[in-house]
S.K.: 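Have a look at this one before I ask anything.
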Amino acid sequence: MANASGNGVVNVADKPSARIQTSTSIRESAQTSVQASVKTSQTSQSSWPEVESRGANQDVYFHAWGGDPQINRYIQWAAKQVKRQYQINLHHVKLTDTSEAVSRVLAEKSASNDHQGQVDLVWINGENFAAMAKHQLLAPNWVTQLPNFGLTDPDNNPAMTRDFGVPTQGMEAPWGKAALTFYYDSIVTTSPPQTLQQLSLWAKQHPGRFTYPKPPDFLATSFLKYALIVLNNSQPEAIKNLLYQPPTTQSQALLLPVLWQYLDDLHPHLWRKGQHFMSSGMELRRLIGDGELALAFTFSAAEIPAAVARFELPDSSRSYRMQDGSLSNIHFIAIPYNAAHLDSAKLVVNFLLSPQAQAHKQQANIWGDTSVLALSKLTAEQQTWFEPPAQSHPSATIANQAISPALSEPDPSWSKVITKLWLQRYGVMQ
């Protein structure tokens, strides 16, 4: 790793990790480190002043996706704050995919490296969290020790302790909330589609002006899960509820055919006639900016006005949520079971949950990621920090936000199934 700079920020390009082999994963998941369990138990019982004392003057390696400049700059800002408060050097290890961190920790466990892991923090949710929890790769029962975790009001907000429906069991702390948001060029189209079915009709009327990325890109699977949920909305409750359980051959047969039928009808009218799909969701914004697309979507609504301000999107850009629902989720930060700087990592996460850090993150020109804090838990002055600015670009106002139902994420394992079958069905064209 490179040395920390004066402000505590180091950006490290992560090296590709080996793929996880299924048979190896099963064998390794059976290995349990007694020493690591004792270490975790001891630190979880420590008082917060003891954590502060042990955690100061350390390095923390934060493995997090590095594909968005706004998010990277926010992490740099946070690094300066923890450097000032605790003399912690926060290193941002930029990932192209979170599975790289999962593979690294799993390899360390296989090598019996139970105390000096290279990953202190990992930005995570969904399938990757489920995989790390399954293979006992995460430190348990540390989140409730954080003083600022109580500001999320977990007793009255169960979403703070469930990740894609899976109980977090104190293995990860909530960091932010997001929902699938569409945006469009209002000069090209004055009436964007308001539902999934209208999207298909709109695509036929505006050929080549919409597309989505190729799975397993996060935005790609998010769009496909949104479609899967909406297309099965008229099914009996017992069948719809199968989306929130691990997929079986039977549930796939009941739920997936309508998705493939919809995509078969949609693809000929997409960008490049559905014969090519970009590998990254970040390219959607570029194609809108270049005028090739007129409609796109994101999980970071604040990136839209920020991109307009940077002249990456046209001034005529506007944003909205679909009336038939918006896929919504919470993203988290976890500490691997073998983190070399456990207490330092806790200090960083507690700062990231502070009103100061959450309010700064929510500003549209910083990141625009919605806070996980309950405003009722904050002082009157702190609540004012979260108020939107008086003047902002029109795209900062999300149409339909109040009437668009929040759609819960399906069981994490559906993402893998959808990706595999999508690639079998459409991937040969890439």
Side-chain angles (χ1 to χ4, degrees), residues 125-131 133-134 152-169 172 174 177-182 193-201 212 215-216 218-266 297 299 320-332 370 372 398-422 424-425:
N125 72 354
E127 185 179 0
N128 287 307
F129 166 71
K134 175 183 178 182
T152 68
D153 196 15
D155 292 339
N156 295 306
N157 191 1
M160 296 297 108
T161 56
R162 298 188 73 84
D163 187 341
F164 284 41
V166 178
T168 59
Q169 300 180 341
E172 57 179 4
K177 296 188 291 187
L180 199 62
T181 301
F182 283 74
Q194 300 295 306
T195 66
L196 186 71
Q197 294 297 347
Q198 289 183 19
L199 174 61
S200 179
L201 178 61
Y212 63 94
F218 174 72
L219 274 182
T221 55
S222 296
F223 173 73
L224 294 173
K225 287 183 288 187
Y226 154 66
L228 180 64
I229 294 170
V230 169
L231 291 169
N232 282 286
N233 192 47
S234 60
Q235 294 261 36
E237 288 297 321
I239 295 180
K240 289 192 292 185
N241 287 339
L242 295 175
L243 286 169
Y244 304 96
Q245 303 170 25
T248 64
T249 301
Q250 181 183 14
S251 61
Q252 292 177 49
L254 289 170
L255 294 164
L256 289 176
V258 66
L259 175 63
W260 308 134
Q261 181 181 357
Y262 179 85
L263 296 179
D264 287 347
D265 183 62
L266 176 69
F297 55 93
F299 243 107
Y320 71 104
R321 301 262 168 88
M322 287 289 194
Q323 292 182 8
D324 54 7
S326 302
L327 191 71
S328 304
N329 66 44
I330 295 175
H331 51 93
F332 295 80
T370 304
V372 293
I398 305 173
N400 299 338
Q401 188 170 9
I403 64 173
S404 179
L407 304 177
S408 299
E409 286 274 2
D411 184 273
S413 46
W414 276 100
S415 294
K416 185 177 295 183
V417 169
I418 293 171
T419 295
K420 178 182 177 181
L421 296 178
W422 190 98
Q424 290 177 356
R425 192 176 185 97

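Side-chain atoms are counted along with the backbone in the values below, which use heavy atoms only and exclude waters and symmetry mates.
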S.K.: Answer whether the closest heavy-atom distance between the side chains of Leu228 and Pro410 falls below 4.5 Å.
M.R.: no
S.K.: Do the side chain of Thr419 and the main chain of Ser415 share a donor and acceptor less than 3.5 angstrom apart?
M.R.: yes
S.K.: Taking all heavy atoms of Asp324 and all of Leu196, pick out the closest pair and write down the distance.
M.R.: OD2-N, 2.8 Å
S.K.: Considering non-hydrogen atoms only, spot the tightest contact between His331 and Lys177 and give its length.
M.R.: NE2-N, 4.0 Å
S.K.: Could you go through the ring-ring contact (aromatic ring centres under 6.0 Å, His included) check for Phe129 and Phe332 one step at a time?
M.R.: CA-CA 9 Å; Phe129 166 71; Phe332 295 80; 7.0 Å; no
S.K.: I want to check something: taking the side chain as every heavy atom from C-beta on, are Arg321 and Phe182 in contact at a cut-off of under 4.5 Å?
M.R.: no
S.K.: Can you tell me if Lys240 has over 12 outside heavy atoms packed within less than 6.0 Å of its NZ?
M.R.: yes
S.K.: With a 4.5 Å cut-off on side-chain heavy atoms, are Leu407 and Leu180 touching?
M.R.: no
S.K.: If you look at every heavy atom in Phe299 and Ser222, which pair is closest and at what distance?
M.R.: CE1-OG, 3.2 Å
S.K.: Tell me, do Glu127 and Trp414 make a side-chain contact under 4.5 Å, heavy atoms counted?
M.R.: no
S.K.: Within the structure provided, determine whether Pro193 and Tyr320 are in side-chain contact (heavy-atom separation under 4.5 Å).
M.R.: yes
S.K.: Decide if atom CD of Gln245 counts as having more than 12 heavy atoms of other residues, nucleotides or ligands within a radius under 6.0 Å.
M.R.: yes
S.K.: Determine whether Ile330 and Arg162 make a side-chain contact, defined as any pair of heavy atoms from C-beta on separated by less than 4.5 Å.
M.R.: no
S.K.: Where do Pro247 and Asp411 come nearest, in terms of heavy atoms and distance?
M.R.: CD-OD1, 4.4 Å
